[in-house]
Every structure is written in structure tokens, then in C-alpha cells.
Amino acid sequence: MLVNQIYDKTIDYGKRVGKNIRKKIGQFFTPPSIANFMASLMDYNQSSIRILDTGAGTGILAGGLCQRILEHNTITHIHIDLYENDENVLPLLRENMELIRTVLEQNGKTVIYTIYDQNFILSNDDFWNGREEKSEEELYDVIISNPPYKKIAKAEPESVVMSSIVHGQPNIYFLFMAMAAKLLKPNGEMIFITPRSFTSGLYFRKFREYFLNTVRLTNIHLFHSRLDVFEGDKVLQEAIVLRAIKTTEVTDMITISASENMYMEENFIQQVPYGTVVDMDSDNLFMLIPSTIEEIELLTLVHSWEYNLISLGFRLKTGPVVDFRALDLIKEVPEENTVPLLWANHFINNRISFPVPVSKNPQYIVDTEESQSVLLDSKNYLLVKRFTSKEERRRVQCSLYFADDFVNAKVGIENHLNYITKLEGEMIKEEMYGLFVLFNSSYIDTYYRILNGSTQVNATEVNAIPLPSLNDIKRMGKRILETNSITTETCDTIIEEMFLVNTRQGRNAG
Ligand SMILES: C[S@@+](CC[C@H](N)C(=O)[O-])C[C@H]1O[C@@H](n2cnc3c(N)ncnc32)[C@H](O)[C@@H]1O
């Protein structure tokens with residue numbers, strides 16, 4: 001097996017060069033199971049093919065495609081271009097490409113390959129920026145890649161070349177994805193393994209806009225465990241494999257699959273409507289990738305809701321008091337002119353418990369002219385933690401803040417908290433409790449997890465979560481007030497009774 005032969009040599013190389021050196025250039029090697037899986041997604045059956053492997057490392061992904069070509073006999077003429085700019089790995093890449101060529105030629109194929117020992121992004125600057133044209137023959141049928149993962153500065157040459165899709169500090173991997181999309185022939189396919197981070201977040205919006213309007217996704221594979229995708233290299237991040245084709249034609253479905261780990265024993269595979277994964281009419285083009293049947297059902301429910309916090313007249317904002325910038329303003333003990341300063345440790349069973357008897361955080365902030373820019377009017381707010389630890393069960397953790405429980409006209413909300421506020425007027429009790437039902441349910445919590453793999457709860461994403469109408473939200477609020485219980489189970493039951501009973505009954509009847 002070509003792939004295994006290449007991998008054995010890759011492992012030796014990895015030991016020789018060491019992880020720290022490779023990490024600096026974003027070099028992590030793909031294990032054979034994933035290389036074979038990625039190659040299996042190729043759906044190409046003409047007699048001649050132009051392949052690009054970009055950030056080729058030791059050539060295992062090109063090797064995977066060639067292995068597949070050997071097993072499926074229609075392709076006879078193979079042209080492979082490879083980009084790799086690490087001079088240490090180039091001798092092994094050359095050796096492996098010679099091996100690939102020999103094996104393919106022994107099996108009656110013709111192979112031409114070129115290794116470009118160049119920077120993939122900088123080499124294609126002119127083409128990306130419209131200063132150079134390429135004929136269709138120069139573009140590619142299949143582009144395969146495990147691109148480098150590395151944050152780069154906005155001023156670095158790669159960021160400058162692709163500034164049209166850069167917002168903030170980019171990670172070089174998505175520049176590779178965009179450049180590859182550009183270099184595909186019409187209907188050409190790209191197969192990439194990448195971090196999952198590009199699927200949400202404002203920093204990736206310009207990229208998503210370019211990418212999702214240039215190619216259509218056909219397959220996404222998720223790994224449930226983030227630990228061991230790059231076995232030898234222990235990369236601690238969530239990776240996905242995706243396949244996309246260059247077309248603007250609408251595709252109805254995406255195949256989503258998942259496996260526990262890099263051994264690729266698929267434990268989930270499902271066709272999902274394109275619109276469930278990405279709403280191409282939305283502003284942010286966030287992608288949601290469900291990995292169980294329950295998650296598909298949940299997305300279907302949440303996507304049936306037509307509003308969001310903003311359209312309903314609310315907004316989630318970040319607490320304005322940054323403790324180290326407000327050292328002169330915050331106090332350990334109450335003084336004549338102080339008001340409460342709320343932190344995550346005031347969340348107790350979804351209510352605000354203030355003051356707490358022992359606190360490592362100062363619990364008060366002065367209400368003076370200097371503090372006005374960071375203080376809020378004491379109104380009804382639904383507070384939502386911004387940060388949770390990986391070990392915690394819930395990402396979205398909220399707490400009810402009722403202005404009536406406090407005597408002061410002002411309140412401080414610390415920067416590790418978000419708060420949901422009504423933009424005009426006071427949030428009435430039913431609205432507060434209705435929003436609480438949603439944000440304390442496992443539905444919104446799971447939705448958020450699917451949307452964003454990270455442990456942070458960001459305003460842009462929460463403000464875009466689909467929500468039901470204000471009338472429905474108030475009905476939810478009334479119901480929870482009648483039950484006298486504010487547990488997640490109660491919140492889930494209310495949502496199920498209001499939105500799912502009919503669907504489930506219909507399905508069972510059907
Ligand atoms: C994540 S590794 C993947 C290697 C190989 N494709 C694999 O799957 O095992 C990314 C590779 O891209 C190379 N690389 C990093 N920046 C590059 C650039 N700007 N142009 C070309 N190659 C680059 C690194 O040296 C590294 O070998």
C-alpha cells in the first residue's frame with residue numbers, strides 16, 4: 001500500500017525533526033486512515049486528471065489519491081502538482097513522489113509530477129488578484145490538502161495577498177482553502193482536512209462569503225473526539241474533512257458523517273438539507289454541522305423559528321467593566337457611593353445571589369462621574385456567562401437579574417459576563433422568563449455547541465440564533481411561571497410541548 005509506505009517514512013521523519021520545529025511551520029502529518037478516507041471521497045472518472053496537493057509535506061495525500069486511482073481503473077493519465085516550502089521535508093517528498101510514479105507506471109499509468117518548492121499563497125498572488133489569467137487546462141480537477149494551521153499577522157505577505165477575505169488576524173489554513181477554490185476547474189472538487197473554526201465567528205465571515213459562493217459543499221466528516229486525529233502529533237483541536245465542488249448550482253443535500261476518532265469507523269452518516277447546514281441568505285453564513293439524528297431534529301426545530309434577539313428588539317451585549325482597567329473604581333466592601341458589580345460567581349441556580357459571603361472578586365463599583373461609562377441602568381437583564389470550562393456540561397449558562405431585587409439605580413456587569421437587554425423600555429416578567437426558557441434549555445445550548453466548537457459565548461453568534469415570536473416567548477414565560485420550577489428539564493418540556501408534540505404525533509401517526 002502506497003499510503004502505508006509513505007506514512008512509515010513520515011513517522012521516521014517526524015521523529016528526526018521534532019514536533020516543536022514542525023509546529024512553527026504548521027506541519028502536522030495526516031495518518032493513513034484519514035488519507036485513505038479523503039481519497040475515497042474523490043468522485044472523478046475521466047481518463048486524465050490534474051491533481052494539486054498543496055502543503056504536501058511527505059506527499060501522503062497525493063499518495064492516497066494515487067492508491068485510489070490504482071484501485072479504480074478509469075484514470076490513466078495523471079498530472080500532479082505539489083507545493084511545499086519546507087526545505088527539510090522536500091527530499092522525502094521527492095523520494096515519495098518517485099515511489100508513487102514507479103508504482104503507477106508499473107500498473108500502466110502515465111504520471112507527470114512537479115514539486116513547487118514555493119510558498120503556495122505568494123506563488124498564486126497574481127492569479128488571485130486578477131493580474132494573471134489561467135486557461136482551464138492549467139486549473140485542477142481535484143485539489144487535496146491538509147493545509148498548515150498557523151495564525152499569521154495581518155501584515156504578513158500571505159494576509160496582504162488575500163486581504164479581500166481577511167478580517168482581523170487570519171489563520172493560514174483558510175487562505176489555502178480559498179486559494180484552492182479559486183484554482184479549481186468548473187465542477188472540480190476539493191478535499192480538505194481543516195480545523196472547524198471557520199464555520200462560525202466573525203473573523204471568518206469574509207472567507208465564508210467567498211468560499212461558500214464559489215464552491216458547494218457535498219460532504220463533511222466530523223470527529224467526535226478531538227484528541228487523536230493527528231495521532232503522532234496530538235493536535236488539540238476539532239478537525240473536519242470536507243469535500244466541495246466548484247459550482248454555483250444549488251445542491252439540495254450534504255452528506256454528513258462522523259467517527260469517534262481517526263480510525264474512521266463511521267458511526268453516523270446522514271443526508272442533511274443544505275439549508276440546515278448553512279443558510280445562504282443569512283448575513284453571517286454560519287455553518288452548523290449536526291452529528292447525530294437528535295441534532296438534525298434540533299436544527300430543524302430551531303431553524304423553523306423566524307426571529308432572533310435583534311429582530312425581537314433585544315440584544316446580547318458584553319459586560320462593560322474590565323477589572324484591570326477599572327482598578328480605581330472597584331471595591332472589596334460597600335461604601336456610600338457603591339453599587340453591585342456582578343461576576344459569574346454570583347450565578348447560583350440560575351438566579352443572582354448578591355453579595356456572596358466569600359468572593360475572590362471585588363463585588364462593588366463606585367457610582368461616580370468617572371464610572372458612568374461602564375455602569376448600566378439597573379433594569380431587568382438575562383445574564384449569560386461568556387466563558388465556561390471544557391469540563392462544564394453547558395456552554396450557555398444564564399441567570400435572571402431582576403431590577404426590583406436591588407435598591408440601586410445602577411449596576412456594574414463585569415466583562416466575563418454577557419447580558420441580554422431590551423433595547424426600548426423594560427423587559428417584562430413574561431419576556432424575561434420566556435427568554436430564560438430558551439437560553440436555559442438544552443435546545444439552545446446544543447444549538448450553540450453545534451454552531452461554535454469553542455467555550456466562549458460570543459455576542460454575534462447569540463444575537464443570530466433563531467428564536468420564536470415574541471408572543472410565543474411570552475407564552476413560554478407564563479408557563480414556566482406557573483410551574484414554579486426553573487430547571488433545564490422544565491424549560492425543555494415547555495419547548496417540546498409548544499413546538500414538538502404536533503410534529504412527533506404527526507410522525508408517529510405517519
Ligand atoms: C499540516 S502539514 C500537512 C502535510 C501533508 N500534506 C500531510 O497531510 O501529512 C502542512 C504542510 O504545509 C507546508 N507549508 C506551510 N506553509 C506553506 C506555504 N505557504 N506554502 C506551501 N507549503 C506550506 C508545511 O511545511 C507542511 O508540510
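Ligands are counted one by one from 1 in listed order, and the atoms in each one are counted from 1 as well. Note that these values count all heavy atoms, side chains included, but never hydrogens, waters or copies made by symmetry.
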So [Y] and [X], do their side chains get closer than 4.5 Å, heavy atoms only?
| X | Y | value |
| --- | --- | --- |
| Glu158 | Leu122 | yes |
| Thr74 | Gln46 | no |
| Pro320 | Tyr419 | yes |
| Thr318 | Asn418 | yes |

Please identify which atoms of ligand 1 are closer than 4.0 Å to at least one heavy atom of [X].
| X | value |
| --- | --- |
| Gly57 | 4 (C), 5 (C), 27 (O) |
| Leu61 | 8 (O) |
| Pro147 | 1 (C), 10 (C) |
| Gln118 | 20 (N), 21 (C) |
| Gly26 | 1 (C), 2 (S), 10 (C) |
| Ile25 | 15 (C), 24 (C), 25 (O) |
| Asp86 | 25 (O) |

To check your reading of the model: name the closest protein heavy atom to [atom], its residue, and the distance in Å.
| atom | result |
| --- | --- |
| atom 16 (N) of ligand 1 | Pro148 CG, 3.5 Å |
| atom 10 (C) of ligand 1 | Asn146 O, 3.4 Å |
| atom 23 (C) of ligand 1 | Asn85 OD1, 3.1 Å |
| atom 20 (N) of ligand 1 | Phe120 N, 2.9 Å |
| atom 7 (C) of ligand 1 | Thr30 OG1, 3.3 Å |
| atom 19 (N) of ligand 1 | Asn119 OD1, 3.1 Å |
| atom 2 (S) of ligand 1 | Phe28 O, 3.3 Å |

So, are [X] and [Y] salt-bridged, with charged N and O less than 4.0 Å apart?
| X | Y | answer |
| --- | --- | --- |
| Lys134 | Glu132 | yes |
| Arg205 | Asp283 | no |
| Arg449 | Asp445 | yes |
| Arg68 | Glu71 | no |

Could you give the distance from OG1 (Thr276) to CD1 (Ile254), rounded to the nearest 0.5 Å?
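Those atoms lie 8.5 Å apart.
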
Counting both backbone and side chain atoms, is some N or O of [X] under 3.5 Å from an N or O of ligand 1?
| X | answer |
| --- | --- |
| Thr58 | no |
| Ile60 | no |
| Phe29 | no |
| Gly55 | yes |
| Gln27 | yes |

At a 4.0 Å cut-off, with the gap strictly under it, does some heavy atom of Tyr149 reach an atom of ligand 1?
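The answer is no: ligand 1 sits nowhere under 4.0 Å from a heavy atom of Tyr149.
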
Shortest non-hydrogen contact between Asn440 and Asn350, atoms and distance:
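Heavy atoms of Asn440 and Asn350 come nearest at OD1-ND2, 3.5 Å.
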
Can you tell which of Lys150, Met38, Glu158, Glu84 gets a heavy atom nearest to atom 26 (C) of ligand 1?
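Ranked by closest heavy atom to atom 26 (C) of ligand 1, first place is Glu84.
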
Taking heavy atoms and a distance under 4.0 Å, where does Tyr116 meet ligand 1: side chain, backbone, both or neither?
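Near ligand 1, Tyr116 shows nothing, with every heavy atom at 4.0 Å or more.
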
Ala56 contact mode with ligand 1 (heavy-atom cut-off under 4.0 Å)
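Contact part for Ala56 vs ligand 1: backbone (N, CA, C, O).
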
Go through it in stages, so that I can follow the logic: the residues are Tyr203 and Ser197, the test is side chain to side chain contact (heavy atoms under 4.5 Å, CB included), and I'd like the CA-CA distance, side-chain angles, deciding distance and then a yes or no.
CA-CA 10 Å; Tyr203 281 163; Ser197 48; over 6 Å; no

For Phe211 and Phe207, take the angle between the two ring planes, folded into 0 to 90°, and tell me which bin it lands in: parallel under 30, tilted 30 to 60, perpendicular over 60.
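Parallel.
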
Take Glu249 and Arg216, measure what salt bridge (Lys or Arg N to Asp or Glu O under 4.0 Å) needs, and give me the verdict at the end.
CA-CA 8 Å; Glu249 266 175 43; Arg216 299 287 291 183; over 6 Å; no

Whether Glu138 side chain and Ser135 backbone form a donor-acceptor pair below 3.5 Å:
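Flag set: sc Glu138 to bb Ser135 pair under 3.5 Å.
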
